[in-house]
Amino acid sequence: MIKVSLKDGSILEVEKRATIIDVAKKISEGLARVATCGEIDGEVKDLRYELQDDCSLVIHTFKPDDVEGKKAYWHTTSHIMAQAVQRLFPDVKFAIGPAIDEGFYYDFDVEKPFTDEDKANIEAEMKKIIKENIEIERFSLPKQEALKLMEGQPYKQELIEELPDGEEISFYKQGDFTDLCAGPHLASTGKVKSVKILSSSGAYWRGSEKNKMLQRIYAISFPKASELEEYLQLLEEAKQRDHRKIGKDLELFMTHKLVGSGLPMYLPNGATIRRLLERYIQDKELMLGYNHVYTPSLANVELYKTSGHWDHYKDDMFPAMKMDNEEMVLRPMNCPHHMLIYKNKMHSYRDLPIRIGELAHDFRYESSGSVCGLERVRQMCQNDAHLFVRPDQIKEEVGKVLKLIQEVYIKDFGFSPESFKYRLSLRDKNNKEKYIDNDEMWETAESQLRAILTELNIDFYEAEGEAAFYGPKIDIQIKTVLNHDVTIPTCQLDFALPERFELEYVGEDGAKHRPVVIHRAILGTSDRFISFLLEETKGLLPTWLSPIQVKILPISEKQHEYCEELKERLQREGIRVEFDDRNEKVGYKIREAQLQKIPYMLVIGDKEKEANAVTVRTRKEADLGQMSVEEFVAKIKEEIENKK
RNA sequence: GCUUCCAUAGCUCAGUUGGUAGAGUGCUACCUUGGUAAGGUAGAGGUCACGGGUUCAAUUCCCGUUGGAAGCCCCA
């Protein structure tokens, strides 16, 4: 037994188990309020330690869905993987192996990348280690001894070097394998039950492309085999929701290598969705006092030298084309064009805010490894606008933008508020190269955006190094089915471009003043928005956006004439309708319409023809029964009207 | 861009010690006129991504290019 004094003077007596000492020590120093580990009083348990306000220590078992529980579990499995790799590849150099949101990975420096066979062997070896049920022990060493222990492990030594002098450095040992680690861990390898290697790939040491590329293996583990099955099932379902698969199945877009990577072509169905979305957002903007313009996709390179984009982004732009005396580029963004439009005439303070909007095509040379369906493309259509405002109008205008975003995403599209997060994107203060060097400007802009978010009671997180070069942003971040974290709407505050372009307005005092620019995009880009929409809806688009809203399915040829009339009748109402006049049975036609995710199927036989009626079936498999044509038209029009 | 893997019919995929190809589905024609998720028969359809190399012989082995996938880097 070992005694540990807690803050309140009480004594905690525990078995001499490394994990509990570690926890008790941290808690007694007030360094941690909560920790997890695996063993107490010699009995193996999944435990959670929590320091209460009255300084008492609560110990209880954690639940399988407990975040900390999972992390300890996965982290232990990552050590098991490292041990397996050490057994199979004795020359391996270890980097890091943390738990992540779903599972864990470990980075290894090995001679050759792992093959599928290697991975199968590693997984088999891991299962062996689990079966051996090796006890996991913790110990700690002073820095010099720690360095000595990790001789021949340069990555571990590099990590130890960075730890403060004088601090004891903790290690976890399981049989013949010892790893530098802060813990916590399960008490023994046998606690892990089912394990599965998911994938492997290259990853740069410390995430920098300047460093060596290591081999990373992703894996996951669960206390029960059935949970692993469920997880793999979920992965399979996510695959079905991938917008690239839906886009192919529903004939929304295609790519062709003769056109090029990252350059999707919209097929008629996809073009319909896009046209409706673009009309929708422009109509919305018109009602809010935006003025839309058209500007060219090409510009003289001098435009971007003036704006500052050239210095910051020329590597991500398509290369300049030399024509006679001019050098032209495909534009990567629209701000400079809109700045010039503002500057086209003198403005009074009474005219502000001026809101210039455009559905504009932009071109960015995204790296070949990052292009992805409609999510990341090399030509995109931005739902862009620039708001030219007086400094006293910033708060109100940013607030209006945030309100518009909520109206579009929550009210009109019905996305769950949990499907996206607000991110306040700040500059990295230490990176003077990437961001305009003007501390005062940054302080003002960042604190203004923060204040607006706080005042509107919006939950947000802050991210350093995510700002635009000219100013901070409020980005709305979503997670795709592939677990990519991408921005869709954005609202950015910019004091820099007005300066660069010497924008002005005449104030009440008759003197010239500098406006502030708010850059904003609501749908983000049409392309990325559609990818998000498809994944959120699983391809079951609301009726108003469905490329085909109604499919007419006759029982036999006898009703074809009636079906033609019906089709024309619906078309006159602006409903997108198709008539399936093929020589097939109705069951077959229903199956096909169902797979095309068409909202309404109208089954037409002699009964319907006689009664001048339709029998309605929805894709959600509800048979709505027979109704008159007028009734159906009223119903679907009401639905379309209300963006259902 | 980097690491690894992949590319066979419109689509989804088979095709092992190297001997120039197959299924399902879709498409076309005919039969069938059928009441709520796949009726039957027949036919057409492939320079096995592209370019080189090794070999008597390459869809298969090697190199390169293009395109795709996972991850890393990047993301105005």
Side-chain angles (χ1 to χ4, degrees), chain A residues 105 107 112-116 118-119 198-218 239 242 244-245 248-249 251 254-262 304 307-309 312-317 331-336 362 364-373 375-376 380 382 384 425 434 466-471 473 475 482-487 490 492 494 497 519 521 528 553-560 582-595 601-608 615-619 621-623 625:
Chain A
Y105 66 79
D107 286 347
K112 282 185 225 145
F114 297 111
T115 62
D116 287 346
D118 291 337
K119 283 185 273 178
L198 298 170
S199 64
S200 65
S201 69
Y204 300 108
W205 166 239
R206 309 211 127 180
S208 167
E209 61 180 334
K210 294 188 183 92
N211 293 334
K212 183 165 184 183
M213 185 167 268
L214 310 171
Q215 295 305 317
R216 175 172 299 178
I217 301 181
Y218 287 88
K239 251 191 213 164
D242 189 324
R244 292 168 300 183
K245 176 170 167 49
K248 194 174 230 174
D249 290 348
E251 294 183 24
M254 64 175 278
T255 54
H256 199 285
K257 61 177 161 187
L258 285 177
V259 175
S261 180
Y304 299 98
S307 70
H309 288 103
H312 288 270
Y313 301 112
K314 64 170 175 294
D315 291 344
D316 298 311
M317 291 167 67
R331 67 170 167 198
M333 71 285 294
N334 322 301
C335 340
D362 292 332
R364 298 175 187 178
Y365 198 82
E366 299 288 354
S367 67
S368 58
S370 63
V371 297
C372 177
E375 179 187 312
R376 192 90 173 265
M380 69 213 75
Q382 279 219 50
D384 204 7
S425 302
K434 195 173 166 188
E466 293 289 350
F469 80 87
Y470 47 73
K473 314 185 282 178
D475 292 319
L482 296 172
N483 250 327
H484 297 163
D485 194 31
V486 295
T487 306
T490 182
Q492 320 177 350
D494 178 7
L497 290 184
H519 307 237
R528 187 173 279 180
L553 311 174
I555 304 282
S556 76
E557 269 176 27
K558 286 184 283 177
Q559 301 91 28
H560 277 200
R582 290 176 307 170
N583 178 11
E584 296 289 353
K585 289 191 175 169
V586 73
Y588 181 90
K589 293 178 183 179
I590 285 170
R591 175 183 153 81
E592 197 152 296
Q594 193 76 42
L595 292 175
M601 290 159 254
L602 302 181
V603 178
I604 308 297
D606 285 336
K607 273 191 295 180
E608 288 77 11
T615 292
V616 183
R617 180 194 162 100
T618 74
R619 63 185 167 193
E621 289 198 290
D623 190 349

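- Ring to ring, A/Y313 and A/F469 are close: their centroids are under 6.0 angstrom apart.
- Regarding contacts with the backbone of B/rC73, every side-chain N or O of A/S367 stays at 4.0 angstrom or more from both OP1 and OP2.
- You'll find a donor-acceptor pair under 3.5 Å spanning the side chain of A/Y204 and the base of B/rG1, going by distance alone.
- A/R582 has no side-chain polar atom (N or O) that falls below the 4.0 Å cut-off from OP1 or OP2 of B/rU33.
- Dashed line: the shortest gap from a side-chain N or O of A/Y588 to OP1 or OP2 of B/rG26 is under 4.0 Å.
- Here the nucleotide nearest the side chain of A/L482, chosen from B/rU36, B/rA70, B/rA76, is B/rA70.
- Across all strands, A/E608 comes closer than 4.0 Å to base atoms (heavy-atom distances).
- Comparing B/rA76, B/rC74, B/rU36 against the side chain of A/R364 picks out B/rA76 as the nearest.
- Out of B/rA38, B/rG35, B/rG68, the shortest distance to the side chain of A/S261 is found at B/rG68.
- The aromatic ring of A/Y313 sits over the base of B/rA76, with ring centres less than 5.5 Å apart and planes tilted by under 30°.
- Using a 4.0 Å heavy-atom cutoff across all strands shown, A/K434 reaches sugar-phosphate atoms only and no base atom.
- The side chain of A/R617 sits closest to B/rU36 out of B/rU36, B/rC72, B/rG34.
- Using a 4.0 Å heavy-atom cutoff across all strands shown, A/D362 reaches no nucleic acid atom at all.
- At B/rG68, none of the side-chain N or O atoms of A/K257 fall inside 4.0 Å of OP1 or OP2 (strictly under the cut-off).
- Between A/T255 and B/rG68 there is no side-chain polar atom (N or O) within less than 4.0 angstrom of OP1 or OP2.
- B/rA58 sits 15 Å from B/rC50 when the C1' atoms are compared, rounded to a whole Å.
- Here the two rings, on A/H312 and A/Y470, have centers that are 6.0 Å apart or farther.
- Contact annotation: A/K248 side-chain N/O to B/rU12 OP1/OP2 distance is under 4.0 Å.
- With B/rG35, B/rU33, B/rG71 as the candidates, the nucleotide lying closest to the side chain of A/E557 is B/rU33.
- A/S370 and A/S367 share a donor-acceptor pair across their side chains, judged by distance under 3.5 Å alone.
- In terms of modelled atom types and a separation under 3.5 Å, the side chain of A/Q492 and the main chain of A/H519 share no donor-acceptor contact.
- Looking only at distances, no side-chain donor or acceptor of A/R244 sits under 3.5 Å from a matching main-chain atom of A/G373.
- For the OP1/OP2 pair of B/rA70 and a distance below 4.0 Å, the side-chain nitrogens and oxygens of A/K239 include no atom meeting the criterion.
- The phosphate of B/rU33 (OP1 or OP2) has no side-chain N or O of A/H560 nearer than 4.0 angstrom.
- A donor atom on one side chain and an acceptor atom on the other are not found under 3.5 Å apart for A/D107 and A/Q215.
- Residue A/E592 is classed as having no contact, given no heavy-atom separation below 4.0 Å to the nucleic acid.
- The side chain of A/R619 contributes no N or O atom lying less than 4.0 Å from OP1 or OP2 of B/rA37.
- Side-chain proximity of A/M213 to B/rU3, B/rC74, B/rA76: nearest is B/rU3.
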